[in-house]
Amino acid sequence: MSARDQLLVVIDPVARRTDGESVRIAKDVLGAGAAVRVCLPEGPEDFTKALVRRGTRRLVVVGDDRALLRAVGVLHRERDLAGCGLSVVPVGAAQTLTRGLGVPAGAVAAARAVLEGAERRLDLLVDDSDGVVLGDLRIPSVGVEGAAGAKGSEGSQESEGSEGSEGSEGSVGPNETSSHLTAGVAAEGHAWLRSCQSFVRTLATRPTRPARPAPPTRLRIEVDGVTLVGLDQPVEGVRVTAGGGGLAQVEVRRSSVGADAGPMRVRARTVTVSGADFRYRADAVVAGPVRTRTWTVRPLAWGLTLPR
């Protein structure tokens, strides 16, 4: 049996918890077409060990975007990306990255692509701290009010949950139980009602305010050693994508009006951003704050199995 027909299937623990049915389907489809060895890591350390000790088997990751990012990051730090083609079966809520890369949606279609597809070499963005970017990089990472609003919403829900529990301990409602139930039955009723209230709060969805763009910031942006935007020109956003051909696509939205309001677009091998502390979003991960960071394109640095 060839190495292509021998698979090491590493199933991310988050995928097992959130969508066990899709995980089962993926295992069944893969097992029907190849010799499968399943690995069930319990955490990041186990995940890393499984990848490092995979032997000659083809690596298949079952999980969401973060699981794919973690796998590529581990192989990059082990300097083993060139010799290890990756396959992925997306399972979980975060699948924007995998779909953007061309991986089919759905456990059955993605598993069949693992068995019947072909490896495609892709460019990789690597930063000066050994981080990797598979899709795109964005600065700032998120709108300021959007981040604050999300935290505020979570905080208010937690606060209301605790307040509701405390308030319901005293009484179920106006004149509902005091005249009809004994003390023991009333206690049971209160506990039951608190459970119902908690369940309703869980199901209830509140409209969230859309995130406003973060205020303009002053950053120095250099491409291949040449200054594209200086600190004297505020920018609203920066986007960097490994666009293929060994060059990154760089888009800078300047904070200006009139004819100069359009984004600047260039292609380069290296991009350096510096200035006041800033955060950035690399695919599904927010990093920072940092004062300077350089990203370099590694042409055809990693391989991903995609449909033919």
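- The shortest heavy-atom contact between G275 and L219 is CA-CD2, 4.3 Å.
- Stacking of R293 on the aromatic ring of Y280 is not recorded, the 6.0 Å distance cut-off and the 45° axial limit not both being met.
- For the pair G135 and T241, the tightest heavy-atom approach, listed with the atom from each and the gap, is O-CG2, 3.4 Å.
- The two residues A107 and S22 make their nearest non-hydrogen contact at CB-O, 3.6 Å.
- Between the side chain of D65 and the backbone N or O of T96 there is at least one donor-acceptor pair closer than 3.5 Å.
- In this structure, D5 CG and R57 CZ are separated by 11.0 Å, a value rounded to the nearest 0.5 Å.
- Screening V133, V297, T296, V72 for a side-chain contact (heavy atoms from CB on, under 4.5 Å) involving L124 leaves a single residue, V72.
- No continuous path of hydrophobic side-chain contacts links V14 to V62 [ILVMFWY only; heavy atoms under 4.5 Å].
- Between L68 and L101, some side-chain heavy-atom pair lies under the 4.5 Å cut-off.
- Within the 4.5 Å cutoff, the side chain of L306 has heavy atoms near those of the V103 side chain.
- Residue T217 is tested with V235, L231, V238, D277 for a side-chain contact (heavy atoms from CB on, under 4.5 Å); the sole match is V235.
- Hydrophobic clustering (side-chain heavy atoms under 4.5 Å, transitive across Ile, Leu, Val, Met, Phe, Trp, Tyr) groups F278 together with V223.
- Considering only heavy atoms from C-beta on, R16 comes within 4.5 Å of P41 through its side chain.
- Summarising the local packing, CZ of R79 is surrounded by more than 12 heavy atoms from other residues, nucleotides or ligands at distances under 6.0 Å.
- Rounding to the nearest 0.5 Å places CD1 of I139 at 13.0 Å from CZ of R279.
- In this structure, the separation between CG on L134 and CG on L86 is 9.0 Å, given to the nearest 0.5 Å.
- Counting heavy-atom neighbours within 6.0 Å of R267 CZ, excluding the residue itself, gives a total above 12.
- Remark: D128 CG to T294 OG1 distance equals 5.0 Å, nearest 0.5 Å.
- Residue pairs meeting the ring pair (Phe, Tyr, Trp, His ring centres under 6.0 Å) criterion with at least one member in residues 64-108: none, sequence neighbours excluded.
- Here the closest non-hydrogen pair linking V88 and A110 is O-CB, 4.2 Å.
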Subject >> Worked verdict on R265 versus R239 for side-chain contact (heavy atoms from CB on, under 4.5 Å) >> reply: CA-CA 10 Å; R265 296 186 178 93; R239 182 181 181 185; over 6 Å; no
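- One hydrophobic cluster, built from ILVMFWY side chains closer than 4.5 Å, holds both L30 and I25.
- Hydrophobic clustering of Ile, Leu, Val, Met, Phe, Trp and Tyr side chains at less than 4.5 Å, counting indirect connections, keeps F47 apart from L40.
- Separation of atoms CG (D224) and OG1 (T272) is listed at 9.0 Å; rounding is to 0.5 Å.
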Original post:
Are R77 and T48 close enough, and set up right, to give a side-chain contact (heavy atoms from CB on, under 4.5 Å), and what steps lead you there?
Top reply: CA-CA 11 Å; R77 288 188 294 273; T48 299; 5.7 Å; no
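- Taking each heavy atom of L81 and R121 in turn, the nearest pair found is O-NH2, 3.8 Å.
- For the pair V89 and V114, the minimum side-chain heavy-atom distance is below 4.5 Å.
- With hydrogens and angles disregarded, no donor-acceptor distance shorter than 3.5 Å links the side chain of D64 to the backbone of A15.
- Clustering ILVMFWY residues whenever any of their side-chain heavy atoms sit less than 4.5 angstrom apart, transitively, puts V252 in the very cluster that holds V266.
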Subject >> Test side-chain contact (heavy atoms from CB on, under 4.5 Å) applied to L7 and L115, step by step >> reply: CA-CA 10 Å; L7 307 179; L115 299 172; 4.1 Å; yes
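- Contact check for W295 versus V240: no side-chain heavy atoms found under the 4.5 Å cut-off.
- Partner of T305 under the side-chain contact (heavy atoms from CB on, under 4.5 Å) criterion, out of R120, R58, E116: R58 alone.
- At least one side-chain heavy atom of R70 sits less than 4.5 Å from a side-chain heavy atom of D12.
- Looking at every heavy atom in both residues, R308 comes nearest to A118 through NH1-CB, 3.7 Å.
- Counting only distance, with no hydrogens or angles, the side chain of D283 and the backbone of D136 share a donor-acceptor pair below 3.5 Å.
- Considering SG of C84 and CZ of R54, their distance stands at 3.5 Å, rounded to 0.5 Å.
- With contacts defined as side-chain heavy-atom distances shorter than 4.5 Å, the pair E119/L304 does not qualify.
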